[in-house]
Visitor: 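First, the structure itself, so that you have it in front of you.
Residue numbering restarts at 1 for every chain, and letters A, B, ... go by the order of the sequence lines. These numbers were taken from a predicted model, which means no experiment stands behind them.
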Protein chains: 2
Amino acid sequence: MSELAKPTLDDVARAAGVSTATVSRCLNAPDLVIAATRERVMQAVEALGYTPDFGGRALASRRTNTVGAIIPTMDNAIFARGLQSFQEALSRFGKTLLVASSGYSPAREREQMEVMAGRGVDGLLLIGSARPEASVEFLRRRGIPFLGAWNLGGEDGYFVGFDNRAAAAGLTEKVLAKGHRRLAMIAGITEMNDRAADRMEGVRSAAERAGIGADQLPVIEAAYTFDDGARAFGELMARSPRPTAVLCGNDVLAVGALQKARELGLRVPGDVSITGFDDIDLAGVVDPKLTTVRVPHNRMGEAAAEMLIKLMSKQPVERRIEIPTEVVERGTLGPPPADPVA
Amino acid sequence: MSELAKPTLDDVARAAGVSTATVSRCLNAPDLVIAATRERVMQAVEALGYTPDFGGRALASRRTNTVGAIIPTMDNAIFARGLQSFQEALSRFGKTLLVASSGYSPAREREQMEVMAGRGVDGLLLIGSARPEASVEFLRRRGIPFLGAWNLGGEDGYFVGFDNRAAAAGLTEKVLAKGHRRLAMIAGITEMNDRAADRMEGVRSAAERAGIGADQLPVIEAAYTFDDGARAFGELMARSPRPTAVLCGNDVLAVGALQKARELGLRVPGDVSITGFDDIDLAGVVDPKLTTVRVPHNRMGEAAAEMLIKLMSKQPVERRIEIPTEVVERGTLGPPPADPVA
DNA sequence: CAAATTAATGTAAGCGCTTACACTGATTTT
DNA sequence: AAAATCAGTGTAAGCGCTTACATTAATTTG
């Protein structure tokens, strides 16, 4: 219960009858110390319940063993899952994770970067590549290695993620293959969100290749909630001619759409097909189960950790690691109705 | 692009023509510095792109403005949501969040405590109160203020959370009020998880009060997956007499149960009622929608941040803050069938 | 108006640690 | 056997910051 003064290196050194340098070496490079001494030191460490002070260590060694992550929000299964794996992997390397959230705002992301930089993070995990050049420049100036995750970025920088565009195109092709010609899309908000933008691009390009121009492919952008998905779906269904397949930018929107369909008395996939993206838990639980794209966020989190650690220790690294995705065909995609509503 | 040497307090002081002390004061206690000087200093800060070094600051001030959280996993909506709110609230107070996960293991939690202590966190968020006394003692010795969240603990310590036991009892009473007498429960794993244990206790005690003894209330503990919920539900349905209502320790288990019910050709709630706990997104999406207990994790996260900050600054604090929960009646609870299966 | 008080800033001593360098004694090389 | 090398340890100089105390100038007080 008594609040002991925290023991310092000095205390340990005195207790073990050695210099502080030797204690430090025992902790950081045990091979440099002869076994007998080391043992004596370790006993003192144990006895005093010594744990090194982070501040002192950071100051002296210019390293923090801390990695930062700035994500839009943890309250979104895809980030939570990826982050969890990332953290576990880091932990295995003895690194600690500092978390901040940007709420999808580049300005807030920048602020958090400064916080992280001030904290002396050895490396930084960011989401995607859509950010002001000034933010990137800031990190470069500071010499902080960083990584864009969740998608594959542009010309330079390091990335580990998914080819959202190709995946969306692949899914669209499956939809087209079922015979659908009247497609529509409920996209996530694409501004400053390259995942959402890429997915939209993917759908558009595949449609284009099938001779369906952008003018024939209504797209509504919707925020990340069931309600927004439902609302957008309602709008699309009010159009004439009515789309026979609605591709959604993520599973949450798709589930919202699905609920709205039920509400409108439309059968899925009898009257209209719906697809999602991400394959979060939800996707397998709704009825019918969602046809979607599986995006293995946990594998990505791990790969990101490995990559960042290499980057931090100046080991050679591939510039981008693509984590493969996979279309999961379940119940919400079928052929278009024989007599679509004009 | 060039990797500039990070500017130090000294650089700023020189640029502004003042002492380092004055610069430090500008940053930490601006009132102590006359406006003109302050302005000059701030300009220098701006011009050099100075950000204070965390290590130096921590070392000199014996404070880190860092708060740790050790949670079982972020990959669980209830923790992710709470943690997100916690982090946002902390951020408003200028604190940064260090995250570690225990994977539900007390040993691993203890390890992470030591990591956090080494990092000099000013305070620590833990989950629940089920942990070895030695772990608690460790934090006390170190003088690290800490908080149990997500449920209300025992004799001493600070808590912000839910009365899981009372909430479970309340839900059980609603089930009983529908006329059910043959209850069963699929609980979460209760070992070292007081939330799961409390929920089980709540159900048991309410049943007891209604004259249903523990021997008449089959309970299966299941891990946190759909499959485990489904499996447990299958086992319960094979019993004779068959339960008419299955109370689940969380929504994930309940959804698993629901799926299994469909698979078995049982109507919900016609043949059997099912209830969940937590009211995560899932609950409103399945068909029929889940009757469950709403547990406002975001409010809890915020309350936890406020409480911990008070604790850290030695302000007076209530020992426990209870966040109210609420039964949400939706589609999966109905009266028992007229002719239950013996 | 001298003395006392106050306001603004400077001086300098660490905070706990790492690490370059120095030192010692033992081992290897020539 | 002297010289060179090396392993094991100690000495001590910071790392960048905060803050107690000292100093100076401005203001108030008796």
Visitor: Which sits closer to the 5' end of DNA chain D, A/Arg40 or A/Thr20, going by the nucleotide each is nearest to?
Guide: A/Arg40
Visitor: Should B/Asp10 and B/Arg14 count as an ion pair when the cut-off is N to O under 4.0 Å?
Guide: yes
Visitor: Assess, by modelled atom type and distance only, whether the side chains of A/Glu88 and B/Ser101 contain a donor and an acceptor separated by less than 3.5 Å.
Guide: no
Visitor: So what does A/Ile34 touch, heavy atoms closer than 4.0 Å: a base, only the sugar-phosphate, or nothing?
Guide: sugar-phosphate
Visitor: Among B/Thr73, B/Asp75, B/Asn76, which one satisfies side-chain hydrogen bond (donor to acceptor under 3.5 Å, both in side chains) with B/Tyr224?
Guide: B/Asn76
Visitor: Can you check the B/Arg14 CZ to C/dG10 P distance for me, whole Å?
Guide: 14 Å
Visitor: If you count heavy atoms of other groups shown closer than 6.0 angstrom to CD of B/Gln315, is the number above 12?
Guide: yes
Visitor: Using heavy atoms and a sub-4.0 Å distance, could you list which residues of residues 55-64 of chain A are near DNA chain D? By number, please.
Guide: A/Leu59, A/Ala60, A/Arg62
Visitor: Ignoring hydrogens and geometry beyond distance, is a side-chain donor-acceptor pair present between B/Arg142 and A/Thr51 at under 3.5 Å?
Guide: yes
Visitor: Salt-bridge test for A/Glu302 and A/Arg299: reply yes if a basic N is under 4.0 Å from a carboxylate O, no otherwise.
Guide: no
Visitor: Does atom OH of A/Tyr50 have more than 12 heavy-atom neighbours from other groups under 6.0 Å away?
Guide: yes
Visitor: Quantified as the angle between the terminal helix axes (five pairs each), what is the overall bend of the helix from C/dC1-D/dG30 to C/dT30-D/dA1 to 10 degrees?
Guide: 30°
Visitor: With a 3.5 Å cut-off and no angle check, do the side chains of A/Glu39 and A/Gln43 form a donor-acceptor pair?
Guide: no
Visitor: Would A/Arg320 pass as a cation-pi partner of A/Tyr158, given that its NZ or CZ must be under 6.0 Å from the six-membered ring centre and within 45 degrees of the axis?
Guide: no
Visitor: In whole angstrom, give the distance that lies between atom CZ of B/Arg25 and atom P of C/dG10.
Guide: 8 Å
Visitor: Can you give me the first and the last nucleotide of DNA chain D (5' to 3') that has an atom within less than 4.0 angstrom of a non-hydrogen atom in chain A?
Guide: D/dG8 to D/dG16
Visitor: Does atom CZ of B/Arg195 have more than 12 heavy-atom neighbours, drawn from other residues, nucleotides or ligands, at distances under 6.0 Å?
Guide: yes
Visitor: Between A/Ser24 and B/Gly17, which is nearer to the 5' end of DNA chain C once each is assigned its nearest nucleotide?
Guide: B/Gly17
Visitor: Please say whether more than 12 non-hydrogen atoms of neighbouring residues, nucleotides or ligands are located less than 6.0 Å from CD in B/Glu114.
Guide: yes
